[in-house]
Each structure stands twice: as C-alpha cells, then as structure tokens.
Amino acid sequence: MTRYDPATIEAKWQKAWDDAGLFRAERDPSRPKYYVLEMFPYPSGRIHIGHVRNYTMGDVVARYKRSTGHNVLHPMGFDAFGMPAENAAMANGGHPKDWTYQNIDTMVGQMKPLGLSLDWSRMFATCDPEYYGQQQALFLDFLDKGLVYRKNAVVNWDPVDMTVLANEQVENGRGWRSGAVVERRELTQWFFRISDMADELLEALDGLDDWPAKVKTMQANWIGKSRGLQFSFGVVDAAHGHDRIEVYTTRPDTLMGASFVGISPDHPLAKELERHDPEVAAFCEKARQGGTTEEAIETAEKLGYDTGIRVRHPFDTSWELPVYIANFILMDYGTGAIFGCPAHDQRDFEFATKYDLPIIPTFEPLEGACPEGEAFVPMKSEKVRWIRGFGWDEEASGQDAVNAAIAFCEANGVGQGVTKFRLRDWGLSRQRFWGAPIPVVHCDSCGVVPEKKENLPVELPYDVSFDQPGNPLDRHPTWRNVSCPACGGPALRETDTMDTFVDSSWYFARFTAPEADTPTVAEDVDYWMNVDQYIGGIEHAILHLLYSRFFARAMHLCGHLPAKSKEPFDALFTQGMVTHAIFQTKDANGRPVYHYPEDVDLRDGRGFLKDGTEVEIVPSAKMSKSKNNVVDPVAIIGQYGADTARWFVLSDSPPERDVEWTAAGAEAAHKHLARVWRIAAEVAEASGEATVQGADEQLLREMHKAIRDVTLGVESFGFNAAIAKLYAFTNTLSKSQAGARAKREAAMVLAQLMSPMTPHLAEDVWAMLGGEGLITEARWPEADEAMMVEDSVTLPIQVNGKRRGEITVPKDMDQAEVEKAALAVDNVQRALDGAQPRKVIVVPGRIVNVVV
RNA sequence: GCCCGCGUGGUGGAAUGGUAGACACAGGGGACUUAAAAUCCCUAGGCCUUGUGCCGUGCCGGUUCGAGUCCGGCCGCGGGUACCA
C-alpha cells in the first residue's frame, strides 16, 4: 500500500476533468441550470488565503449542484481597473496594462492548482477592450434613456499636487503624497440617476428572501427613506436677495424648540455672503478643509459662523432665530439648510452650548425631568409628555407627534410633508487613467456629443507616462483631440474614466455570453440568469450590490436583461475574512515594524525573532500586505496539496465569520485527509463478514445520518458543521466491526460526501474502491429515512431548570408515562426533597422539566 | 459621529428557546518501536468539601417552567460610511 500523495493525484484528476471537459458550461434547455458566482478578484498580484476560502465555498456549491443534476455555470474573471495599477506605474514605471495582465497571469497560475470547477473558457478582465467597449455601449444606451447626466459635485482636492484624491489617499485631512491640507472642491461630473429608483430599490428588498437580513437592513438604511416637513423661514430684512431659507426636517414636532438655523458652506446664501464678506470667505474656506467622506465631516469639530442674518419663526413672527453657516451641514442632503433643536438632538446641543444658544425642550419624559448636560433623545416609538407641541395629545410618541406636526403645519400653510431619500445619485466620473473611458466628446458648437457606437471601444492609449500627478489623458497630444461625431469640427474627448464599480455592476451578465458583440445575448441571459448563488465579502453589502441592482434595472430598460433579472442575485451569501496575527516591534522612533510569520518563533503564546527579540502579537487582524501578515496559499498547496487548503479553509469556522489562519490547523487538516485515504485503502483490500452482530446495520445507519447532515450542511452554508460530521463519520467507519461490503459502501459514500470539498482525494478513493466513472459525475447519495429510525430516546430531566438526571424511554411512550418515569428517578426525588411538583413540562423527544 | 455585525474552555468553534462545550487544534497520559517519525487508544471548562456538588457563554438588568439563543442598557472588537476594491 502506498501513501496519500496529493502532488500526484491532484495533477492526475485535474487532467481527467480537463480531458472530459466537465466544467465547460453550455446552454441546455433540457436540464435545470444553476449559476454560482463568487465576487471576482482584483488582480493585486498574488492570491491570498481569503480568495481560496471564497472560491472554495463557491466550488462546493458548484460541485454539489452538478451532482444533483444541474447544468452549472461557474465562471471567473478579474476586476482589473483601479488605482493600484496606476500607483505601481508611478512607483516603478511601466504601463498599468502590463502590470495588470502580468498579475492576472500569475494569479490564474496560482488558482488553477486549487482544482476549482471553473469554466475558464469564459474568463475575461474588465480592462479588456472587448469588455469595456460593451460597457461604453451600455453607457450610451443609458444616456439615451436619460439615466445619465452631468452636475457639480465635491471632490478631495490636493492644492499642491493639483490633483483629485481618492478618499483612501486622504490621511487625517492631508494628501498622502504632498502632505497638503486637502480641500473640498466642486467639479462637473457624470452621474447615474440611481436616486430615481430609490423607492423601488427599497421596496424590492422585501422580495430578496435568500439574502442575509443584515445586508437588506444596511441597504434600507443607506437608501434612507424619510418622511418630513419642508418649509421656509422668512428672512428679516430680506438680506442679500434671499427672502426665504428653505429647510427640511424629519422632526417638525420639535419646531417650537428651534434655536438657530444652519446652512451649508455650499448653500447659495453662504456663497453669496462669501463673495462680499472676507470674514465669511475665510470661514467657508476653513469649513471646506478636510476630506469629503461622511466620516470626516461628521467627526470633525463642529464649526459655526453667525452671519448676523435673522429669520422669523413660522408660528411666532416676533421670535427671531440666528442663521449660522455650519461645516457639518451637507448641501447634498435635503435643502442644505436645517433648524437646530438643541434640547432633542445631541449634535445641535453641542453646537448650542458652544455658541451660547438657547436650549428649549418641547417634551419631557413621562416620569422625571430632561437629563442635564445632554440632549433628551428618546426612541421615536416612546411616549413622552409634550410641553411645546402644537395641538396633539399631551402624551404621545415622537412618531405620532411628527405626523400630527406635519398635518398641522400643512393646515396652517407652513410648508408641506415630503418624502426624501438619503441615497444620492451615483457619481461615476474619475479623473484617472486606468478605467473605462467615458465615450463622449466635447464640441464647441454641439456641446456634449455621444461617441458613435461603431467607434467603440474608445480605447485607452498605450503611449502614456506617469511621472507627474494627474490623469495622463488630460495631457495626451493626440488621443484627446478628435473630430466631433456630430458636426465633424474639432472637439475634445472626455478624459474622465468610469468608477470601477461600473465594471463590477454587470460582469455577472457578461459571463453568460462573454464574447458577444453586444453587451448581452437574449438567449443566454434568458437561460443563465439569474445568479442562483452569489458569494462574496460583507464589505460589499451596500455599494457593489446596490449599484448592481440599479444596473440590472437600467439594463432591463435598455433591453439588455429580461424583467426577471431586475434583481440579478437570487441568493446571496457573505463570507467572513481570513485574519492572521500581526507581529510587530518598534523602531528607534517608536514607529511599528512588521515581521513575517515565518520569521517569528512561537513559544507559550509569546513570539521571538531569530535574534531573541520579543515581538508584540496583535491577534486576528485583517490580512494586509503592509502589515506583513498575509498568508500565501501557494506555499500551503505546495506543502500539503490543494485539498488540504480547501478542507482547512472550510473547517472550524462558520463561513460567514472571520477565520484566523494558523499553521497548526493546516497540518491537522492534512493528517485527516491522509487518514481517510489510508482507511479507504484498507477497506479496498478488506474481505469478510461483520465480526459483531448488528455492526453492518449500525454502520449503515450512521452513514445515512451522515448523508442527511452533510447534505443539510452543504445546502445551508454550514460547511464547518458538515466537516465536523465527516470527522465523526470517519471515526465511526474506522472503528466499525462491519463486514467488507458494508464498509466499502460506507467508504464510497464518505468519498462522495467529501467530494465537493476535497475533489481530488474523493476521485482517488472512488477509483480505489472500484467506483464507476468519475465521482465528479456521480449522483449525490440520498439519505434513507427508514434506515435512521431509532426506537428509544434519552431525555434529560430538569428540576426548576437544572439538570438532575436522565431517562431512556421508548420513542413513542406517552407523556403521562414519561412523567411518571422521570419523577421516579432517584436523583430527581433527592432534588425535590419532598416538595410536590407544581407542574411537569414534557417536551416530546426533548426534555422533561419538573417545576416546584 | 452614524448604520450593520460579532463576543462561548488554553485555541478554532458546536448547540430549531430544551443535557453548554459536538468536532478539531494545542496539552497530559499510555500502546507500538532498539529509538524516532508515523499511527492507534485514553484524558481534558473552572472550583472545592470529589458531591452524579457549586460556578460558568463580554458586563448589568428583564421575559420564560427553561436563555449562549429573545428584549433593554453598557463595554470591547470588526465591516461600511458614497473616489480602496
């Protein structure tokens, strides 16, 4: 008998699958289709263990579905545009294209040995002109349908490098290269009208039964539908041509507690004042400092500037409120102006305290008084006592009061109730090179003119350099100067490229016909769509998935997807990250130095470098190149084989949770696979009958239970639970006294149950035991209920909820008998200590609880 | 700041509101071996008065015959926060 030798068998079976062309997907209306997709990777240069986990989960689903008779589509591609390629070009020279395609080559070379059941013939990268040309065609169709427009929006501006920065490139409000204080600057940009679909995107979440509830909640909160009051304050003396300030509030019930009006630094009135008043201009400049992220704006110090302008309260014209310009008010949301009620909003409270503004409560708790030193902000559903309401019950919840306030205001001619969404339109313009060019030209006489479809793709030029900041397209001598598609006169090509989220918003549809000369092909999307199971990281819960949902609708409007694909992902699973400890020491300046895991010796939970220096261990950190804690799966595969890597990433941790990579875990996984192989080899050579009465039946009963539990585990993404069951069943088989025939049957089923996770080992075991054909093509086994019946059951007995004993009774014993048997147990009597049971709860087949 | 998660032995984790710690790692003990590796078997939450005893699922409180699980409030960690992908 030889030994388990993954290097040999993995190559052998991968060749067998290839030769049989098993994973090439072809339309076949006679069979049910199944489309399983993992979020495609960014070609960073090397796969990491998180990729292995993600793709292995998808592969388990794909292989399982194949074994239940489905025609499976399981494709792979690369999300290949984006900043890292440009950063590499800036740092090391070269072209982003070369860097990207080299990385893709490397990563495909690293992925192939994993034995994933992928249809590699469908592979593409989003930076292929054949892909982004079709994306440009989609853009033109969207433009035609009025789904795209231009408007001004703020970006991070680096005043030293004279360039736009990504949020990631802003560190503590400064540009990452120049170190200059970043400012928010307006630029004309392209937008998709996603906000027109806000209500539909919200409503349709209800139909996504196989999406995680948390993702739907996050999307619903992001879309942020709110009912509120829009009204205006009259300006005293109609300063600067503005006689009214329009505000939007979701808490009109607190209007009688208003103490100031705040406007955004980008509000038209603020801009008007800025032009005439250097002091206001200086304030606005300061207020615009820092990055554009919501986080930066919300956590920045709250700054206000009293404009001196006063407005009148709508219900008391003698009551005047000051108008402040405030850095925390966004022009993008509502009207860019608010009123502040410090008594019932913590942010307003802090602002009012800082600028010495009155704090006027409109309601109090039903018992006690408002808290000192902070705003009183109860849940909207909680009832409170109103002291400055206008006309509803003295005791009412915030929610009821909001509705009553809107009705009252409308009846009195103060504004109207409106529904607003937090969701903003999707800005797709990027002032960068490495993205899909936006296919329009700017003509002096015709304005913005779409490129003709026959001229697509508008391809990125190769002769560019990255030796200065900014977009090389802006300074390209010939690429930019074109003739107008409409009038033939001189024109300039648009140099903005598309957000990479556009690339990933339709790749799943393109996989159904990756080489077509239209974005999609009707027969292919009709057959293959929707994605039956989509798998990816929780970090994409909002943006990528929401944009894809929008894109699917937009593509449907343009005839590129059927109506059923408006929601393109039938089921979604979000998996956790793979983490690894960080090993760090400090350099002379106190800055952290990160060490590779292979350079650290672990002893008793402490880590030491070769020279004996102790390192600080930061547990469970997200793997990151810059922290040197990335585990390279290629080394693991080389050492133990792909099946070990696959088995390990699935075992131990529930798929939706983060998993800590440990070298010991991989070693253990390998030992187990070697053991399965050895047991199978023994079974293959065994002969004879059972040595113990009933051993065959017992083994087969356990086998059917394993089929049931593993099938359930695979179907419900309980891969770790399925693997625990497989460990247990392996132990059962190993110790079984059953005869050769029963053992052989059990071992073959074990191989089948393992085949989605460790397909090479499974093939080898299958062949060793004389299985017919490839296990990859074998039908999934079915659990036989009749084989699993047990005739007695063990029930724990509790007294007042504490376990005091157990009884084993026939399965169908009636409750009164069970109760009697339970009370007869010695230890139960001792626990009762003479007391009379008040009640005995018998949960059939589960538990008995005696209540005293 | 705001939204969404997560928190169970030395470690990863299991547990439709029903025996907390399945399965595995590391540890301890043993078998086999000249020895080692490999393999196999046993053991294993904490505490003590060793009783089928007490405590125990981040902390505090609640609902329930019964809570790791449901509810409320804290603490800690992670993801997202619209130009990282």
Side-chain angles (χ1 to χ4, degrees), chain A residues 3 39 41-42 44 79 81-84 155-156 164-170 212-215 217-222 224 291-300 302 328 332 346-347 422-432 499-501 503-504 537-544 546-547 574 576-577 579 604-605 620-622 651-654 656-660 662 664-665 667-669 671-672 674-675 678 718 720-721 723-728 731 734 794-806 826-827 830 838-841 843 845-852:
Chain A
R3 299 180 49 176
M39 291 180 186
Y42 179 79
S44 58
D79 189 13
F81 276 133
M83 290 202 309
V155 293
N156 300 304
V164 176
L165 297 178
N167 288 332
E168 190 189 49
Q169 297 171 321
V170 179
K214 64 182 171 187
V215 173
T217 306
M218 280 189 262
Q219 291 217 356
N221 290 338
W222 184 263
T292 57
T293 65
E294 191 189 48
E295 184 192 6
I297 290 165
E298 288 282 333
T299 56
K302 309 288 178 282
F328 56 87
D332 282 328
Q346 190 58 28
R347 191 174 62 184
R422 203 186 81 100
L423 180 66
R424 307 197 296 258
D425 275 335
W426 171 10
L428 69 128
S429 296
R430 295 293 180 270
Q431 293 71 44
R432 285 180 225 298
D499 176 10
T500 56
F501 274 124
D503 311 336
S504 55
I538 186 68
E539 67 271 22
H540 295 294
I542 298 173
L543 293 180
H544 162 59
L546 189 62
Y547 289 156
T574 55
M577 295 179 303
T579 62
D604 304 326
S620 299
K622 179 178 173 175
S651 63
D652 286 357
S653 257
E656 67 277 14
R657 220 189 290 181
D658 293 349
V659 62
E660 172 92 10
T662 61
E667 171 77 25
K671 279 186 188 175
H672 178 72
R675 179 169 181 239
R678 209 167 42 243
N720 57 323
I723 283 182
K725 189 69 201 177
L726 287 167
Y727 269 110
N731 288 337
S734 159
T794 301
L795 297 178
I797 303 152
Q798 297 181 331
V799 177
N800 284 340
K802 279 191 201 297
R803 184 177 180 279
R804 296 298 176 189
E806 61 180 36
D826 276 357
N827 204 44
R830 212 171 308 146
R838 204 149 47 81
K839 195 160 136 192
V840 179
I841 293 156
V843 183
R846 279 282 178 194
I847 202 167
V848 181
N849 192 9
V850 183
V851 185
V852 185

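Quantities reported herein were computed from a predicted structural model and do not represent experimental measurements. Throughout, protein chains are lettered first and strands after them, A, B, ... in sequence-line order, and every chain is numbered starting at 1.
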Would you mind reading off the distance between A/Arg422 atom CZ and B/rC4 atom C1', rounded to a whole angstrom?
12 Å
Kindly indicate whether the side chain of A/Glu295 and the base of B/rC2 share any N or O donor-acceptor pair separated by less than 3.5 Å?
no
Partner of B/rA82 under the Watson-Crick or G-U wobble criteria, both distances under 3.5 Å, comes out as none
Closest approach of A/Thr500 to A/Phe81 (non-hydrogen atoms, all atoms of both residues):
CG2-O, 3.4 Å
Separation between the P atoms of B/rU69 and B/rC6, rounded to whole Å
12 Å
Given B/rA85, is OP1 or OP2 found less than 4.0 Å from the side-chain N or O atoms of A/Arg430?
no
Applying side-chain contact (heavy atoms from CB on, under 4.5 Å), run through A/Ile538 and A/Lys214 and close with a yes or a no.
CA-CA 10 Å; A/Ile538 186 68; A/Lys214 64 182 171 187; 3.7 Å; yes
Protein-nucleotide distance (A/Arg347, atom CZ; B/rC2, atom P), rounded to Å:
10 Å
N/O-N/O pairs, protein side and nucleotides 17-21 of chain B side, under 3.5 Å:
unit_1, atom_1, unit_2, atom_2, d
B/rG18, N2, A/Asn849, ND2, 3.4
B/rU19, O2, A/Arg803, NE, 2.9
B/rU19, O2, A/Arg803, NH2, 3.1

Run the side-chain contact (heavy atoms from CB on, under 4.5 Å) check on A/Val850 and A/Val840 step by step: do they pass?
CA-CA 5 Å; A/Val850 183; A/Val840 179; 4.3 Å; yes
Heavy-atom closest pair (A/Leu165 atom, A/Arg432 atom, distance to 0.1 Å) is C-NH2, 4.1 Å
Gap in Å between the two P atoms, one belonging to B/rA15 and one to B/rC65, rounded
27 Å
Given RNA chain B, 5'-ward residue of the pair A/Ala724 and A/Ala166, judged by closest heavy atom
A/Ala724
Going by purine N1 to pyrimidine N3 plus the second Watson-Crick contact, or the G-U wobble pair, all under 3.5 Å, which nucleotide sits opposite B/rU39?
B/rA31
Return no unless some side-chain N or O of A/Asn221 is found under 4.0 Å from OP1 or OP2 of B/rC2.
no
Identify the heavy atoms of A/Asn800 and A/Val851 that sit nearest to each other, and give their distance.
OD1-CA, 3.6 Å
Tell me: CG of A/Leu543 to C1' of B/rC84, nearest whole Å?
11 Å
Under 4.0 angstrom between A/Thr293 side-chain N/O and B/rU81 OP1 or OP2
no
Paired with B/rC47: which nucleotide, if any, by Watson-Crick or G-U wobble criteria at under 3.5 Å for both distances?
B/rG53
Minimum heavy-atom distance A/Val164-A/Gln169, with the two atoms named:
O-OE1, 4.4 Å
State whether A/Ser653 places a side-chain N or O below 4.0 Å from either non-bridging phosphate oxygen (OP1 or OP2) of B/rG13.
yes
More 5' along RNA chain B: A/Asn167 or A/Ile723, using each one's nearest nucleotide?
A/Ile723
Provide, to the nearest angstrom, the distance between the CD1 atom belonging to A/Ile538 and the P atom belonging to B/rC4.
12 Å
Just checking A/Phe501: base, sugar-phosphate only, or nothing, at a heavy-atom cut-off of under 4.0 Å?
base
How many whole angstroms separate atom CG of A/Asn800 from atom P of B/rC54?
13 Å
Scanning all shown strands, the Watson-Crick or wobble mate of B/rG5 with both distances under 3.5 Å is B/rC77
What heavy-atom pair brings A/Gly291 and A/Ala296 nearest, and what distance separates the two atoms?
O-CB, 4.1 Å
Would you say a side-chain N or O of A/Arg657 is under 4.0 Å from OP1 or OP2 of B/rG12?
no
Distances for protein N or O near nucleotides 38-44 of chain B N or O, under 3.5 Å:
unit_1, atom_1, unit_2, atom_2, d
B/rU39, O3', A/Arg678, NH2, 3.3
B/rC40, OP1, A/Arg675, NE, 2.8

Measuring only the C1' atom in each nucleotide, how far is B/rC42 from B/rU49? A whole number of Å is fine.
28 Å
Whole-angstrom distance between B/rC23 and B/rA35, as gauged at atom C1'
34 Å
Which of parallel (below 30°), tilted (30 to 60°) and perpendicular (above 60°) describes A/Phe501 and A/Tyr547?
perpendicular
Identify the two heavy atoms, one from A/Ala166 and one from A/Met83, that lie closest to each other, and give their separation to 0.1 Å.
CB-SD, 3.7 Å
Does A/Lys802 put a side-chain nitrogen or oxygen below 4.0 Å from OP1 or OP2 of B/rC55?
yes
Would you measure the distance from the C1' atom in B/rG56 across to the matching atom in B/rG21 and give it in whole Å?
11 Å
Given the P atoms of B/rC48 and B/rG10, what is the spacing between them in whole Å?
15 Å
Quickly work out the A/Trp426 CH2 to B/rU81 C1' distance and round it to whole Å.
17 Å
Distance check, C1' atoms only: B/rG45 and B/rU57, in whole angstrom units.
11 Å
Which nucleotide, if any, forms a Watson-Crick or G-U wobble pair with B/rA67, using both distances under 3.5 Å?
none
Please state the P separation for the pair B/rA22 and B/rC70 - nearest whole angstrom.
22 Å
Watson-Crick or G-U counterpart of B/rC25, or none if no pair lies under 3.5 Å:
B/rG10
Any N/O donor-acceptor pair, A/Glu294 side-chain to B/rG1 base, under 3.5 Å
yes
Roughly, in whole Å, what's the span from CG in A/Leu795 to P in B/rC65?
21 Å
Looking at B/rC23, I'd like to know if its phosphate oxygens (OP1 or OP2) sit under 4.0 Å from a side-chain N or O belonging to A/Asn720.
no
What is the separation between atom CG on A/Leu165 and atom P on B/rC83, rounded to the nearest whole Å?
14 Å
Counting only N and O atoms by type, is there a donor-acceptor contact under 3.5 Å from the side chain of A/Arg422 to the main-chain atoms of A/Trp222?
yes
